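Note sheet for the following structure.
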Amino acid sequence: NAGVTQTPKFQVLKTGQSMTLQCAQDMNHNSMYWYRQDPGMGLRLIYYSASEGTTDKGEVPNGYNVSRLNKREFSLRLESAAPSQTSVYFCASTRGLAGVADTQYFGPGTRLTVL
Amino acid sequence: AQTVTQSQPEMSVQEAETVTLSCTYDTSESDYYLFWYKQPPSRQMILVIRQEAYKQQNATENRFSVNFQKAAKSFSLKISDSQLGDAAMYFCAVGNFGNEKLTFGTGTRLTIIP
């Protein structure tokens with residue numbers, strides 16, 4: 001049981017380049033999330049998908065787009081990378097059942113550097 | 001909007017001793033839940049313990065326990081018999097029922113002194 005997987009683990013981009021971070025979960029979870037982690041800032045929510053076919057903005061959505069490809073996969077796209085997007089990106093998932101306070105399970109993270 | 005404050009950026013403890021990490025939060029929700037996550041150098045976020053706000057009894061998981069003071073909006077983590085493997089960043093987080101977005105604190109880096 002792999003849980004939540006993310007690719008790639010590391011990436012270096014030049015300013016203006018685009019890329020997509022991939023996330024997949026094999027736990028049949030409904031809800032998926034993208035966070036970024038910066039030093040001294042904790043984790044901040046970028047986008048989330050409460051269920052297949054829906055996506056919503058989180059706290060810091062500017063400069064990002066997401067796609068909930070199917071129930072398993074939730075991708076994060078940087079259309080024109082900026083140095084301010086240098087960060088560690090985490091994907092997470094949870095069962096997403098109404099009225100249930102569920103634990104979020106995290107992937108191993110992607111360290112992205114934008115030069 | 002919810003906020004989570006971890007006022008101790010760094011803590012250290014002797015191996016086998018007990019340490020308490022503090023966390024305060026603010027939320028306008030009546031139903032919510034709280035987590036402590038551990039992030040070792042591997043970067044993996046690992047759930048340590050969780051607490052539903054409607055439960056009066058403090059959660060316990062082996063050497064880890066919480067002191068949940070709902071009126072004071074305080075949710076501290078106590079680690080007993082500290083072990084070298086407990087060295088990590090610890091994040092406190094709050095989430096709402098029906099809207100599972102989590103708000104995280106800025107973390108406390110725990111060092112275990114052999």
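Because the structure is a prediction, the values reported are computed rather than measured. In what follows, every chain begins at residue 1, and chains take the letters A, B, ... in the order their sequences are listed.
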Distance-only donor-acceptor pairs under 3.5 Å for side chains of residues 56-65 of chain A, two or more places apart:
| from | atom 1 | to | atom 2 | distance (Å) |
| --- | --- | --- | --- | --- |
| A:Tyr64 | OH | A:Arg36 | NH1 | 2.9 |
| A:Tyr64 | OH | A:Tyr89 | OH | 2.7 |

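Contacts of residues 74-84 of chain A with chain B at a heavy-atom distance below 4.5 Å are absent; not one residue qualifies. Proximity to chain A among residues 17-28 of chain B is not found for any residue, judged by heavy-atom separations below 4.5 angstrom. Interface with chain B: from residues 16-24 of chain A, no residue qualifies, criterion being any non-hydrogen pair under 4.5 Å.
With a 6.0 Å radius and a threshold of 12 heavy atoms from other residues, nucleotides or ligands, B:Phe64 has its CZ atom above the threshold. Counting non-hydrogen atoms of neighbouring residues, nucleotides and ligands closer than 6.0 angstrom, the NZ atom of B:Lys78 reaches no more than 12 such neighbours. Surrounding CG of A:Asn70 are more than 12 heavy atoms belonging to other residues, nucleotides or ligands, all under 6.0 Å away.
Annotation: the span from A:Thr103 atom OG1 to B:Tyr37 atom OH amounts to 5.5 Å, rounded to 0.5 Å. A distance of 4.0 Å separates CG of B:Leu102 from OH of A:Tyr35, quoted to the nearest 0.5 Å. One distance of note links CD of A:Gln37 with CZ of B:Phe104; it measures 9.0 Å at 0.5 Å rounding.
The two residues A:Phe90 and B:Met45 make their nearest non-hydrogen contact at CE2-CG, 4.3 Å.
Hydrophobic clustering (ILVMFWY, side-chain heavy atoms < 4.5 Å, transitive): B:Phe35 and A:Leu43 are in one cluster. Both A:Val66 and A:Ile46 sit in one connected hydrophobic cluster of ILVMFWY residues. Membership requires side-chain heavy atoms under 4.5 Å apart, directly or through other members. Under a hydrophobic clustering in which Ile, Leu, Val, Met, Phe, Trp and Tyr are joined whenever their side-chain heavy atoms come within less than 4.5 Å, directly or via other members, B:Val94 and B:Phe68 fall into the same cluster. A continuous path of ILVMFWY side-chain contacts below 4.5 Å connects B:Val13 to B:Ile79, so both sit in one hydrophobic cluster.
Looking at A:Leu45, only its side chain comes within 4.5 Å of chain B, counting heavy atoms on both sides. In this structure, the portions of A:Arg111 lying under 4.5 Å from any heavy atom of chain B include both its backbone and its side chain. B:Tyr32 does not touch chain A: none of its heavy atoms, backbone or side chain, sits under 4.5 Å away. With a 4.5 angstrom heavy-atom cutoff, B:Gln39 touches chain A only via side-chain atoms.
Side-chain atoms of B:Gln44 come within 3.5 Å of backbone atoms of A:Phe106 as a donor-acceptor pair (strictly under, hydrogens ignored).
In this structure, B:Arg43 forms a cation-pi arrangement with A:Phe10, its terminal cationic atom sitting closer than 6.0 Å to the ring centre and no more than 45° off the ring axis.
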